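We're numbering straight along the sequence, starting at 1. Below, all heavy atoms of this structure are taken into account, side chains as well, without hydrogens, waters or symmetry copies. Predicted, not measured: the structure shown is a model, and the values here were computed from it.
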Amino acid sequence: MTKVIASELKPFGIRANSIAPGLTDTDMLLCFPKEFILKIVNSSNQNGIAKPSEIADTAVFLASDLSVHISGQVIRVDGGMK
């Protein structure tokens with residue numbers, strides 16, 4: 001879907017990307033058992049849970065001129081899930 005949107009918006013000079021976050025320290029984590037969260041944390045290279053600001057940093061990068069040649073991509077921000 002991201003690639004199709006990027007292709008359709010290219011003539012208008014619009015880039016389209018998506019962010020696929022892993023576990024993020026939000027209230028939504030309260031819905032999951034601690035054992036489940038620990039299993040996911042232990043299966044990531046970072047052995048931790050992302051802060052919302054870390055996901056937002058990716059969005060800021062994608063919105064900036066630093067990512068001018070990135071379009072149609074799904075950027076995983078998941079701590080390097082194994």
Side-chain angles (χ1 to χ4, degrees):
M1 182 171 75
T2 302
K3 288 190 181 297
V4 171
I5 292 170
S7 178
E8 291 183 3
L9 296 178
K10 180 182 176 183
F12 304 102
I14 299 172
R15 294 177 287 121
N17 296 290
S18 59
I19 300 170
L23 281 182
T24 307
D25 189 14
T26 65
D27 289 343
M28 193 160 109
L29 286 184
L30 299 174
C31 299
F32 297 99
K34 289 187 182 200
E35 298 81 22
F36 174 77
I37 294 170
L38 285 174
K39 182 178 179 180
I40 293 177
V41 167
N42 291 331
S43 67
S44 78
N45 291 331
Q46 299 296 324
N47 290 324
I49 298 173
K51 298 175 194 165
S53 62
E54 293 169 328
I55 307 303
D57 289 344
T58 304
V60 170
F61 167 73
L62 289 172
S64 77
D65 288 338
L66 295 173
S67 66
V68 70
H69 290 288
I70 300 174
S71 188
Q73 302 303 307
V74 176
I75 311 298
R76 292 178 50 184
V77 185
D78 62 4
M81 293 300 295
K82 299 175 188 171

So, Asp25 side chain and Ala50 main chain: donor-acceptor pair closer than 3.5 Å or not? no
Following the transitive rule for hydrophobic clusters with a side-chain heavy-atom cut-off under 4.5 Å over Ile, Leu, Val, Met, Phe, Trp and Tyr, establish whether Val74 and Ile70 coincide in one cluster. no
Do Met1 and Leu9 sit in one hydrophobic cluster, given that two such residues count as connected whenever their side-chain heavy atoms are within less than 4.5 Å of each other, even indirectly?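 Yes; Leu9 is reachable from Met1 via cluster members.
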Would you name the heavy atoms of [X] and [Y] that are closest together and state the gap between them?
X	Y	answer
Pro52	Thr26	CG-CG2, 4.2 Å
Leu66	Phe61	CB-CE1, 3.6 Å
Asp78	Ser44	O-CB, 4.2 Å
Ala16	Ser71	N-OG, 3.4 Å
Leu23	Ile49	O-CG2, 3.7 Å

Once rounded to the nearest 0.5 Å, what's the spacing between atom CG of Asn17 and atom OG of Ser67?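 Reported value, rounded in 0.5 Å steps: 6.5 Å.
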What distance do Ser64 atom OG and Leu62 atom CG have between them, rounded to the nearest 0.5 Å? 7.5 Å
Taking side-chain contact (heavy atoms from CB on, under 4.5 Å) as the criterion, tell me which of Ile55, Thr24, Asp57 meets it with Val77.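 Testing Val77 for a side-chain contact (heavy atoms from CB on, under 4.5 Å) against Ile55, Thr24, Asp57 leaves exactly one candidate, Ile55.
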Pairwise side-chain contact, Lys3 with Gln73, heavy-atom cut-off 4.5 Å (strictly under):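 Counting from C-beta outward, Lys3 and Gln73 do come under 4.5 Å.
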